[in-house]
Every structure is written in C-alpha cells, then in structure tokens.
Amino acid sequence: MVENLVIVESPAKAKTIEKFLGKDFQVKSSFGHIRDLAKKNLGIDIEKDYEPQYIVPDDKKAIVKELKKLAKDAKIVWLASDEDREGEAIAWHLLKELDLDIKKTKRIVFHEITKEAIQGAIKTPRLIDENLVNAQQARRILDRLVGFELSPVLWKKVRPSLSAGRVQSVAVKLLVEREREIINFKSESFFKITGLFKTNKNEELKADLSERIKSPEKTLELLEKCKKAAYNITDVVKKPGKKSPSAPFTTSTLQQEASRKLGFSVGQTMSVAQKLYEAGKITYMRTDSVNLSTMAIGAAKNVILNEYGEKYLKTRNFKTKSKGAQEAHEAIRPTFIENQEVSGTDGEKRLYDLIWKRTVASQMSEAQLEKTTISINLSNDEHKFVAVGEVLKFDGFLKVYLESTDDENEEEVKGLLPAVNKGEDVEYNSIGAVERFTHHPARFTEASLVKKLEELGIGRPSTYAPTIYTIQNRGYVIKEDREGKDREYISYILSNNEIKEQKKKEITGAEKKKLFPTDIGMVVTDFLSEHFDEILNYNFTASVEEEFDEIANGKLIWSKMIDKFYKPFHKTVENTLETSSRSVGERALGDDPTSGKPIIAKIGPYGAMVQIGSKDDEEKPRFASLQRGQHLETITLEEALELFKLPRDLGQYEDKKVVVSIGRFGPYVRHDSKFVSLPKEENPYKIELDRAIELIEEKREKDRLKTIKIFEEDPEVQVLNGRWGPYISYNKNNYKISKEIEASKLTLEQCMDIIKAEEKTGKKGKVKKTKKIVAKKKTTKK
DNA sequence: CAGTGAGCGAGCTTCCGCTTGACTT
C-alpha cells in the first residue's frame, strides 16, 4: 500500500512526476474531466436554480472505479490538476465523485514539471477554491444552455442534425462575413512602374516609382516624359534597424507556423505534438502561455553559448498578450533543449525542429539591419523613383529561425544596393510599367482562423482543432483548393527611347487549402444573426468571461449570472420557434423567359437548388440541383436556366430512349431503366448519343465481369467483384469475404454461413457506429 | 459497390473543455 496518491490530468505527466516523488507517492491520472452534465433534459434543473446533474460518462467509469479504490487505501490524496478554471473543477469533481474525506485531501498546483517545483507544491497545499469551481460550472452550464437550446431551433427551422454554439457559430460567422467581403470586393487596377538605372560605375540600380498610377493614359504620359528626362540622385539615407525574435510557441502559434512552414492542418499538428509529448520530447502542447521555466532558459543559454557564442545570447521573459489566457502550463518547448534533433517519423522530426528553433531563437539577440533608401528625381516631373535596400549587419536570432507571415503578396527580397553618392547622375536602362490589381482580403486557412479566434478570446487551446473539425463536419465549411482564373493585363516597356506595349496573361485567385463557407453555413449564420444577435456577437464570449471572473473573485453568484442570461435567451428561443418561418436562404433570380414564372434559388432537402414556379401552382414546379462550384449567394439567372436544360433526350438505342440528367450522385445516362454514371470529363449538357452508347456498353461489360457467381437455388445470393475485392450480396446487404477464401469456389451453404456469422458480430459491435448511416439510408431510400 | 430525388411514417440529432486511445474506410 502506498501512503500518498497524487492525481494529475495527463498520464504522461503522471509518469514524469512519479519519478520525482519517490516510493511513498503513487501518481495517477484522471484523463481530464471525470464527470459531465447528463445529456438527458439538458442535464440542468432550471426550476431548482439551474442545479447541474452530473454523471460519469461510460468511458470514464473504469478510471473512476480505479481511483476510488486507490483513494480509499491512501492516507493522503493530493489533487494536482492544472491551476486554472477547468483544473480546479476537475479537482472538485474528484473530491465529490471519489467521495474523498476532506481531512485527508489536499489541493496542490505547480507551473513547471521539475523536482523543485513539485516538492515545493507538496509543502504548500491549499483548499479547493469553490469560487473558481463555480466560475467553471457557470461556463459549462452556459455553453450547454446555448448549445442545447439553439441547435433544436435549427433542426426545426433549417435542417435536422445541425448545431450551434458559443464558439462554433462565431467561427462560421467569421468565414461567412469574410466571404461576403470577398464577393463584394471590386478590384481596381493601377500601374506599378519600375526603373532599372545605370550608375556611373556601370552598376545596376532598381527603383520603384513612389506612387501608383491609375490610368494607362497617365502612365504613358509619364513614360514619354521619362524618355527625355535626366535622372539625379537627390538623397541617400541610411538607417539602422532591428528585428526581435518571437515568443516561444503556444498551441495557437504552433498551429499557425506548422501550417505555413510544414503545410500541416491544425489537427495534424496536434496529433504529431501529442506523440512528441507522450515520448517525453516536448512539454505540454495545449497551452496559452509563452512563459519558459528558469530551468529551460538556463538550458537554452548553454546551447546558445556552446553553439553560437556570447554575442548571440540575450535571454528574456515573454508576456502573454492573448485575451483570457489562463497560463496553467509553460510554453511549448523541447523537454531537453540540448537535443537539437529527435528520432521518430518525418513529421515528428520536422515539428520538433520547428519547436527547437523557435525556443532557442527566443533567447537570442536581435538581428541588426541597415536600411538604405535612395531617391532618384526626374528633371521634368514631380514623381520620383525610390530604391530600398536592407542589409543584415548582424544576424542574431535569424541564424536559427525566422517566423513566416500569412501575407500572400510575395514581397520582393530587398537586398544590397550599389554604393552611390548624393548628387550623382544616373541613366535609365529600361523603365517598365505593369498593370497590377488590388487584392481582396485573404480567405482564412485553418490556422489563420485559429489565430483570429484566439484574438477574440473565443475557444481554448484544447478546442481549436476540434472546433475547426466540427464546423467542417457539420457541413458549414469546406476546406478546398480552387482554381484561379485567367486575367489579362497590360505592360509597357521603355527602352532605347521606344515604348512597347504588351498584353499579357496571368492566373489569379487560385486558393489552396482555404476554408470556404457552404450555402448551409451562410443560411445558418444569417438565421442565427437575425434571431440571436447577442450570441453571434464577437464580444459575447469576452463579456461572459468578465462575469466568470467576477464569480471566481466571489463578487457574483453563478446562478444569478446564468439566470440573467437565460431568462431573456429562453424567451427568444420560444419566440423564434413560434413566429419565424423556415429559413432556406431563398433568393429570387428573375423570371423564366419561356413560362414567365419566377425562378428562385434555395436550400432543398438535398442541398442547394433552383426552382421554377411554386408548390401552389397548378403545374408542379421544376427543380435542379446546383453544380459544384455554384453557390446560392452568387448564382445568376442565366446559370439557373442552363441547369434546367436537363434532362436531355439524346435519342434511341435498341429501341429505347437514352436520357441524360443529373441525380444526387452526379450526372448520369439512363437507358432501359438502367443508370450509368458519367465520368468527370464528360459534360451532361454537351454529351451526344454516340458517346452515351459507348458508356452504356462499357457499363454492361463491367457488370459482366462483376458477377463471379449466382446460385440458381437462390438468385438473391450473389458473389460479386467489387472495388475492395469479392463480396457477397444478399437481400440488398453486402458481406465481405475473408482473404483466405477463394470466392469462385464458394457454395451456397458457405455463403449463408458467412452471412449469418457477420450478422451476429455486426449487430453487437456495429450498431452504435453505423446508427447514423443506417438512419440516413432509411430516409433517403423512401 | 450501389444508389439517381425534391417534406405524412419513428426517432434521432446538439454544446464546450479537460484528457487519451480504439476503431475502420
């Protein structure tokens, strides 16, 4: 029996700490929260002053049972969860659920995982801070009330299974607003004029005109002047500058840099970091702190002195800037900064390398720069050319690490300029004017959205990645690449006293791994903004956080705070359910020229669609789904009319009609009540009979190859060849055949055995996971 | 692999923050 039981949140942490504490201490992990609100009836008793109903979730039952037993046997139980709101609540739940005797229970906290810090914590135990626990309960209850009252409104007013919440709905709103800014953005063109000059030492000097010029006429006018002008250097200014290293990584900055430098999704970053953490290679990866322990700074100092010398050393402490940071952990850093590399997968190595460099660089000296600005005047015009160069005088931390930026406008690398003197004359070699265009605000990537959320104080390090996943999973947002479009632009070149004009082409607007709001994401955001403006407001989280702080300071009673929010909120929910109409994002596009009926775009039961006429007309309305790349917000009447050109009758084949149309699985050809999907490169609006017949024949051939065996005794049982190898089809269900069996030799009896065997095991294990899919199939089949 | 439509059916869906595995496709 061990006298002391220490409970922390993470098992990896437990393992490390156990080593520091010696034989009398057993360290166990709670694996995060051990209780949560029940899912039935909100899990909150509104009538009883919002009394929470806590239960232990199924996947936590085993760990609770084990901890309970160990706690019973221990003389002292040390609750060592993190020192923040959630950590305090975990300690309190443990106290309650494990039924701990308050006299033998002690609450301790530490900020860094070192022997001294932990032994120090053991010497200074305290009581559980009930106020802080209450702040957490208020947070939890508020989120449940918002999520579980808002989501059902969406099920009734927009579409089933949708979700809304304090965090996710705001994340989607950010994307929707940005997308609309982009849609409404009007790009303007201007001319960027760059001169290549020759100094009297025959060196080349590149300089840009200090102003943009809007019209081609004005540009040409200026170029004409340039022909005749004399050029003189009127100014050479040298200014020292410096660059400082960024703070060590937090969860959010790690996600951003891994996205920019390694191309990782935020989910990928977190799972690779988790692996490194579990292997003891880095500190905890879910943190909002930029703080390094004194031990870590000491280790970084040694590394820098050994590797780069004293000139490169400058230790510092960084301060957290982000809103609502709770700083229960250190920044993300290598556990042993001496280790510049680690073993592991390619991803682990690369992420570790990034963390190592960022940590070490944060304790290095600034880079020293010299910025040179050279101005060149024209003898016959007010405009002037300016050349800016930057020279690195001392690299400092840049020797190790340079943070990248989200800025997509590839700025030219400024380099060294030739040595020139004020008053010196130069001549031009050539002067070019290129038409450029103003750029719409950038679309969000997963990582830049996390950055924005963090700035607004919405969400926590442990939820950034799951939130990004949820909004994609619910269909509010899609991450994808989009192809750019061709754009023409004009370019003039003046050389040898002659101006030449060229029309050039470039590709613009291409997007890679960007987040786009979907039609449903826009409709839901509009609906929520209209009825629940308060919750969608970017400041909502910040303002409730202030109140949580007051609860934590004992200045506010949590149930009062909840009541003040809930009463009016609940009224709005009821009001909205009663009075608002269904929201399908309806947009009128104009009238159909043939029938004169109005054409509208809206969300239908199967996604975005266009419709001619309405339900109430005598004739049934006609429907067509929007195609990939088309959106409710932007589809035009012309595009809609195009969609109604289907189904198309192509003619006859084998005395039966051949019809091409688009169904829920994409474009298809129908012939003799059989369907053939069109391959991607075929266009249903243009395909002709000959090609359709080819496709029909191809499909027939494939079907012939598909069938391995059909049993005469029972034609329902078929052995078929599928995408993943042979399988058995029976009563519209499919059953896999294990690899050891040769499919062509199966007998009917053997097939039935396989079917029976799978139904047994299938029902036990699968039911839970496939529930959703089964339910969906039912509704779509009928 | 199979499936190619535009609200009757029964019952389900959902939140945010703490933590890791156990599952396939």
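Naming convention: chains lettered A, B, ... in sequence-line order (proteins, then strands); numbering from 1 in each chain. The figures here come from the full heavy-atom set of this structure, side chains too, leaving out hydrogens, waters and symmetry mates.
In this structure, A:Arg144 forms a cation-pi arrangement with A:Phe148, its terminal cationic atom sitting closer than 6.0 Å to the ring centre and no more than 45° off the ring axis.
Side-chain nitrogen and oxygen atoms of A:Ser161 include none within less than 4.0 Å of the OP1 or OP2 phosphate oxygen of B:dC12. In terms of phosphate contacts, A:Arg286 brings a side-chain nitrogen or oxygen within less than 4.0 Å of OP1 or OP2 of B:dT20. OP1 and OP2 of B:dC16 both lie 4.0 Å or more from every side-chain N or O belonging to A:Thr463. An OP1 or OP2 oxygen of B:dC16 is reached within less than 4.0 angstrom by no side-chain nitrogen or oxygen of A:Arg144.
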Dot-bracket for DNA chain B, 5' to 3', counting Watson-Crick or G-U wobble pairs under 3.5 Å, with [ ] for crossing pairs and | for inter-strand pairs? .........................
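Ring-to-base geometry does not place A:Phe31 in a stacked arrangement with B:dT20 (centre distance under 5.5 Å, plane angle under 30° required). With centres under 5.5 Å and a plane angle under 30°, the ring of A:Trp155 is stacked against the base of B:dT13.
The 12-atom threshold is not exceeded at CZ of A:Arg670, counting heavy atoms of other residues, nucleotides or ligands nearer than 6.0 Å.
The salt bridge (charged side-chain N to carboxylate O under 4.0 Å, His left out) test with A:Asp672 is passed by exactly one of A:Lys699, A:Lys656, A:Lys657: A:Lys656.
Among the atoms of the strands shown, only primed sugar atoms or phosphate atoms (P, OP1, OP2) are found under 4.0 Å from some heavy atom of A:Gly459.
A:Glu149 and A:Tyr566 form a side-chain donor-acceptor contact under 3.5 Å, judged by distance and modelled atom types alone.
In this view, A:His329 and A:Tyr284 satisfy the ring-ring contact (aromatic ring centres under 6.0 Å, His included) rule, not counting sequence neighbours.
At a cut-off of 3.5 angstrom, counting only N and O atoms as typed in the model, there is a donor on one side and an acceptor on the other between the side-chain of A:Ser677 and the base of B:dT4. Put simply, the side chain of A:Arg582 and the base of B:dG7 share a donor and an acceptor less than 3.5 Å apart.
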